[in-house]
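Computation of the quantities below employed the complete heavy-atom set of this structure, encompassing side-chain atoms and omitting hydrogens, waters and symmetry-equivalent molecules. In this text the structure is predicted, and so the values were computed from the model without any measurement.
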Amino acid sequence: VQLQASGGGWVQAGGSLRLSCTASGRTLGSYCMGWFRQAPGKERECVAGLTWGGGRTYYVDSVKGRFTISTDSDKATVYLSMNDLKSEDTAVYYCAASHPTPSYGRTWDLEETYDYWGRGTLVTVSS
């Protein structure tokens with residue numbers, strides 16, 4: 001599965017961006033999906049997860065209430081809608097896909113949970 005993240009860019013603090021993740025030649029509805037980010041000098045962290053079929057969502061505390069992970073009706077695209085952006089949200093954002101597992105609800109934020117990764121898209125938030 002080849003994933004592609006897009007939609008990054010430059011935005012002022014308080015602004016919004018929506019990132020998109022697509023897979024070449026297939027839909028994403030049969031995967032659990034995650035959005036990760038890596039800020040300069042920091043380890044990569046998972047900010048949001050979405051279960052197979054879009055049934056449940058998970059967020060790291062620092063983005064709760066500001067970020068939303070979702071899919072379109074065809075499940076061909078997974079989005080990360082980001083509102084009220086802060087300078088600390090500046091990072092390269094990656095999407096990742098996991099084959100469904102019973103433990104996803106406990107492991108959604110771990111890199112090793114995911115089987116496929118896309119190339120990142122840079123988000124820069126200017127304060």
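Ser16 and Asn83 get closest at one heavy-atom pair: OG-OD1, 2.9 Å. Taking both residues in full, the closest heavy atoms of Val92 and Gly120 are given as CG1-CA, 3.7 Å, listed atom of the first, atom of the second, then distance. For the pair Ala48 and Cys46, the tightest heavy-atom approach, listed with the atom from each and the gap, is O-SG, 3.5 Å. Closest approach of Asp89 and Asp84 over heavy atoms only: OD2-O, 4.4 Å. Of all heavy-atom pairs between Asp74 and Thr27, the closest is O-CG2, 3.6 Å. The two residues Ala13 and Ser127 have their closest heavy-atom pair at CB-CA, 4.0 Å.
Residues Val11 and Leu19 share a hydrophobic cluster, clusters being chains of Ile/Leu/Val/Met/Phe/Trp/Tyr side chains in contact below 4.5 Å. In terms of hydrophobic clustering, with Ile, Leu, Val, Met, Phe, Trp and Tyr side chains grouped at heavy-atom distances under 4.5 Å, Leu80 and Tyr116 are assigned to a common cluster. Linking Ile, Leu, Val, Met, Phe, Trp and Tyr residues whenever their side-chain heavy atoms come within less than 4.5 Å leaves Met33 and Phe36 in two separate clusters. Cluster annotation: Tyr94 and Val60 are assigned to distinct hydrophobic clusters (Ile/Leu/Val/Met/Phe/Trp/Tyr, side-chain heavy-atom contacts under 4.5 Å, transitive).
The only member of Val78, Thr71, Leu50, Thr22 that meets side-chain contact (heavy atoms from CB on, under 4.5 Å) when paired with Leu28 is Val78.
Shown here are the salt bridge (charged side-chain N to carboxylate O under 4.0 Å, His left out) partners of Asp61, two or more places apart in sequence or in another chain: Lys64. Scored by the disulfide bond (SG atoms under 2.5 Å apart) test, Cys32 finds no partners at all (sequence neighbours excluded). Not a single side chain to side chain donor-acceptor pair (under 3.5 Å) links Ser98 to another residue, sequence neighbours left out.
Contact annotation: the side chain of Tyr93 never approaches that of Gln38 to less than 4.5 Å [non-hydrogen atoms, C-beta and beyond]. When side chains are defined from C-beta on, Arg56 does not count as touching Trp108, because their heavy atoms never get closer than 4.5 Å. No side-chain heavy atom of Arg66 sits under 4.5 Å from any side-chain heavy atom of Met82. Between Trp10 and Leu122 the shortest side-chain heavy-atom distance does not fall below 4.5 Å. With a 4.5 Å cut-off on side-chain heavy atoms, Arg37 and Lys42 do not count as touching.
Taking OG1 of Thr77 as the reference point, atom CG of Asp72 lies at 4.5 Å (rounded to 0.5 Å). Note: Ser6 OG to Arg18 CZ = 9.5 Å, rounded to the nearest 0.5 Å.
Remark: aromatic rings of Trp35 and Phe67 are distant, center separation not under 6.0 Å.
Looking at Thr90, its side chain does come within 3.5 Å of a backbone N or O of Val125 through a donor-acceptor pair. Under the 3.5 Å distance criterion, the side-chain polar atoms of Thr113 are matched with a main-chain donor or acceptor of Thr107.
The aromatic rings of Tyr104 and Tyr114 sit perpendicular to each other, their planes meeting at more than 60°, with 30° as the lower class boundary.
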Inset, instruction - Kindly determine whether Leu17 and Val123 satisfy side chain to side chain contact (heavy atoms under 4.5 Å, CB included), including the steps that lead there. - result: CA-CA 9 Å; Leu17 281 176; Val123 172; 3.8 Å; yes
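In this model, a donor atom of one side chain and an acceptor atom of the other lie less than 3.5 Å apart for Arg26 and Tyr31.
The local environment of CD in Gln2 is sparse, with at most 12 non-hydrogen atoms from other residues, nucleotides or ligands closer than 6.0 Å.
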